[in-house]
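This one's a predicted model, so the numbers in the text were calculated from it and none came from an experiment. Letters A, B, ... mirror the listed sequences (proteins, then strands); counts begin at 1. Only this structure's heavy atoms are used, side chains among them; waters, hydrogens and symmetry mates stay out.
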Protein chains: 4
Amino acid sequence: MAVQKSQPAPGKPAPDSTRRSEKSRRAIYDAALALVVEVGYPKTTIEGIAARAGVGKQTIYRWWSSKADVLMEAFLDLAEQSTEEAGAVPYTFPDTGDLAADLKAVLRATVDELRDPRFEAPSRALAAEGVVNEQLGRELVAKLMQPSLDLYIGRLRAAQDAGQVRPEIDPRIALEFFISPLAQRWLQHTGPISHEYTDTLVDYALHGLAPR
Amino acid sequence: MAVQKSQPAPGKPAPDSTRRSEKSRRAIYDAALALVVEVGYPKTTIEGIAARAGVGKQTIYRWWSSKADVLMEAFLDLAEQSTEEAGAVPYTFPDTGDLAADLKAVLRATVDELRDPRFEAPSRALAAEGVVNEQLGRELVAKLMQPSLDLYIGRLRAAQDAGQVRPEIDPRIALEFFISPLAQRWLQHTGPISHEYTDTLVDYALHGLAPR
Amino acid sequence: MAVQKSQPAPGKPAPDSTRRSEKSRRAIYDAALALVVEVGYPKTTIEGIAARAGVGKQTIYRWWSSKADVLMEAFLDLAEQSTEEAGAVPYTFPDTGDLAADLKAVLRATVDELRDPRFEAPSRALAAEGVVNEQLGRELVAKLMQPSLDLYIGRLRAAQDAGQVRPEIDPRIALEFFISPLAQRWLQHTGPISHEYTDTLVDYALHGLAPR
Amino acid sequence: MAVQKSQPAPGKPAPDSTRRSEKSRRAIYDAALALVVEVGYPKTTIEGIAARAGVGKQTIYRWWSSKADVLMEAFLDLAEQSTEEAGAVPYTFPDTGDLAADLKAVLRATVDELRDPRFEAPSRALAAEGVVNEQLGRELVAKLMQPSLDLYIGRLRAAQDAGQVRPEIDPRIALEFFISPLAQRWLQHTGPISHEYTDTLVDYALHGLAPR
DNA sequence: GCCTAACCGAGACGGTACGTCGAGTCTTAAT
DNA sequence: ATTAAGACTCGACGTACCGTCTCGGTTAGGC
């Protein structure tokens, strides 16, 4: 499960990645994440990252095309490490047979993650960049979000097979009832996020707003 | 409803707003919006706005505290104008008695607005800024989104009174089923937005995912 | 006798010289000369000058087109100041009636000046630059050397009128017998320079190498 | 006469010159001279020379200590080749018994050489470097100029023996009347150089400026 | 109808960061 | 062991904007 390297500015003679310094790469990831946490994304500069990592600026420009690009890889790397560290099987979704309970459990974990300060600053920064820069946005979605979304889809399909979700429902849309309200509250500061809140989302979504 | 001017950096002798040049203000709004559309938010600079507006830099710094601040006011102004232009009663929500139909109608209009290129660039820029800058984010929510959200709340309460929505539902959460998925698809490029899509959202949300 | 300002890079909107900061100009001159003396010309950088002068780099680039250009003006300014300081009538050549004595006196003064450490580093640097960069070289000749050369020509013509120099001699060539050997020894380190040496030059040049 | 290799940075384990690649050396000389002619000395870089010569940078740093050092050897090599090529006995000075004629002939040849574009760029570059870098300057004088100067001294001494030059004249100073004015005009662009000019120098110098 | 304060266009200023280039060092593979 | 190749750290380049600070020149009210 290797991290895909992003392309540096095209037209340049591609650097030889076999000779790349692993030490520098790690130092750059660490410096970038630390700076984003400490001083915020806009005040995080390529020069600052280079200085903190004890690395020449050119070494950053050689392998990445922008600050956002560095941060994205750093964040992907962080996510990978955290997953490994947690010892968890990385990409699974609980299936106890109780759809509501499973969704609530996963969403509670997501809430906790969104509040982890190690994740908050860089993921906000990346999300903001993705809003404005479509190319980066799509990369983010593909690399960071899609794997999780696929798990939701799988779980919802299983629920359909078990007769707990109506068969005509499109799981790719249904999952947004759980993900999107949480995402918007977090991204746009439109409201607080909590375990109770996500529990409520699950209940509302499964049973609908209208009386039965 | 006059646009509230934002405070310039505190500690300064407050400028006398009665002597402010209306012509400059308009020129600055126009230049800011045009530049964001033409070159994108990150490449829009205060110097660029000043030059294009034929205005001194100080005139911008005197009345606004940041690029985002200028753009926010410019955008609010644009939104106001558009509303007036449309001749519409600005802040109402249809109530035909058919909740689903009313929601679908409003969401279709929202989809159309999100696709209007005049709106897209600046509102993306502001949204992105709001993700990262909490203070600005809250201002955006309060000034740009809250009025609309309140209309949703009002309509949902009416539906509750009419027995079309279960009484224990919190309308402030319920409205997110309509707003948030659309917002996320648009903000994060996670999927296409269309009238069919929002129609589906309304149906799913009202009747729930589970079989009845 | 104003210092001619050199042209910044053409094609740029010419800066308004009436608003130029005299303080910055002085500080830049001082820093440039000091650095050339202290660390040598090649290690003198625009950044270094700016930092030492407490000035933004742009302020240098706004008014000068290169390091050599800065240094040339700084040196011209220094020369001017020194002349004023010395209280001397700036552009005269002694005429006691004794050509040999007058030439020897002036050349002895020149030798002293060439050895003054305040002058040595910058003038070497400029001379070197002028060797390789013809445009700058011609400017140097015109602004720094020509006035002195003209004085030699004047004195030699007077000597011709007085019958002390053959009338068919071209003073513009003759003066090189006094100037050029000294210049070459100094520039190219081909030999030591001293009062005795220049005295000898005068004697040899006036009376020739061949027996009479 | 083998070219003495200059010392690389001291303190390093001296490379084994018996295993040196002659092909690389030649390629480096050619590349260095070509680049100086084509793009000028300041824009000639070690990287550029290495790339053009198809050589690793280290190969240059191993054997030379600086750009000027490379160029000096390259130029010495060029001078040697040219001399051989010309088939001439390398280090002689004509002695027809007519001092004036001999000097004029040699100076005319010098003028022609100074105008040869193959020589001009590199020798200007070296001269400029020598003005500012005393160590290199002295090396240049010793290796490039001294042999010629010695020939002048020899010829002048012969002339003294023949009674054509006054015995009390120091030939080491006298020769500067022929060399230095030409050198200065060429180096500092203070005037045009031509056969007529050098002829005039010889006449003026031999017979003096004063009436006889 | 004048005075005088504030605003205005303009843009120079001290700075920070940009993205690029080259210096000189170090590592790898191949000859 | 030298070589071609090129990644590395470092420092300077010249540019773009930042936010502050003068400059005249309008442009109001308050007298």
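Counting to the nearest Å, the C1' atom of dT20(E) and the CD1 atom of Ile46(A) are 13 Å from each other. As a whole-Å value, the separation of Tyr61(A) OH from dC13(F) C1' is 14 Å. Taking atom CD1 on Ile28(D) and atom P on dT2(F), their separation rounds to 14 Å, with Å as the unit. Residue Ile49(B) contributes atom CD1, which lies 12 Å from atom C1' of dC17(F) at whole-angstrom precision. dA16(F) atom P lies 16 Å from atom NZ of Lys67(B), rounded to whole Å. Residue Ile60(A) contributes atom CD1, which lies 12 Å from atom C1' of dT9(F) at whole-angstrom precision. Atom P of nucleotide dC7(E) and atom CH2 of Trp64(B) are separated by 13 Å, given to the nearest angstrom.
The side-chain hydrogen bond (donor to acceptor under 3.5 Å, both in side chains) check on Glu38(C) picks up Arg52(C), with sequence neighbours excluded. With sequence neighbours excluded, the residues satisfying side chain to side chain contact (heavy atoms under 4.5 Å, CB included) with Leu136(C) are Ala68(C), Met72(C), Glu129(C), Asn133(C), Leu140(C). With sequence neighbours left out, Arg26(D) forms a side-chain hydrogen bond (donor to acceptor under 3.5 Å, both in side chains) with Asp77(D), Gln81(D). Qualifying side-chain hydrogen bond (donor to acceptor under 3.5 Å, both in side chains) partners for Ser24(D), counting only residues two or more places apart in sequence or in other chains: Ser21(D). Under the salt bridge (charged side-chain N to carboxylate O under 4.0 Å, His left out) criterion, Arg19(A) pairs with no residue at all, not counting sequence neighbours. Residues forming a side-chain hydrogen bond (donor to acceptor under 3.5 Å, both in side chains) with Gln58(B) (at least two apart in sequence, or on another chain): none. Lys57(C) pairs by the salt bridge (charged side-chain N to carboxylate O under 4.0 Å, His left out) definition with Glu47(C), not counting sequence neighbours.
Using a 4.0 Å cut-off on heavy atoms, none of the residues of residues 128-136 of chain D approach DNA chain E.
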Which atom pairs link the protein and nucleotides 4-8 of chain F when you take only N or O atoms and keep those under 3.5 Å?
residue : atom : partner  : partner atom : Å
dA4(F)  : OP1  : Ser24(D) : OG           : 3.0
dA4(F)  : OP2  : Gly56(D) : N            : 3.2
dA4(F)  : OP2  : Thr59(D) : OG1          : 2.7
dA5(F)  : N3   : Arg19(A) : NH1          : 3.3
dA7(F)  : OP1  : Asp16(A) : N            : 2.8
dC8(F)  : OP1  : Ser21(A) : N            : 3.0
dC8(F)  : OP2  : Arg62(A) : NE           : 2.9
dC8(F)  : OP2  : Arg62(A) : NH2          : 3.3
dC8(F)  : OP2  : Trp63(A) : NE1          : 2.9

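Of the two residues near DNA chain F, Thr44(B) and Thr18(B), the one whose nearest nucleotide lies more 5' is Thr44(B).
Nearest approach of Ala27(B) to Ala53(B), heavy atoms of both residues: O-CB, 3.5 Å.
Between Ile28(C) and Arg25(C) there is no side-chain heavy-atom pair separated by less than 4.5 Å.
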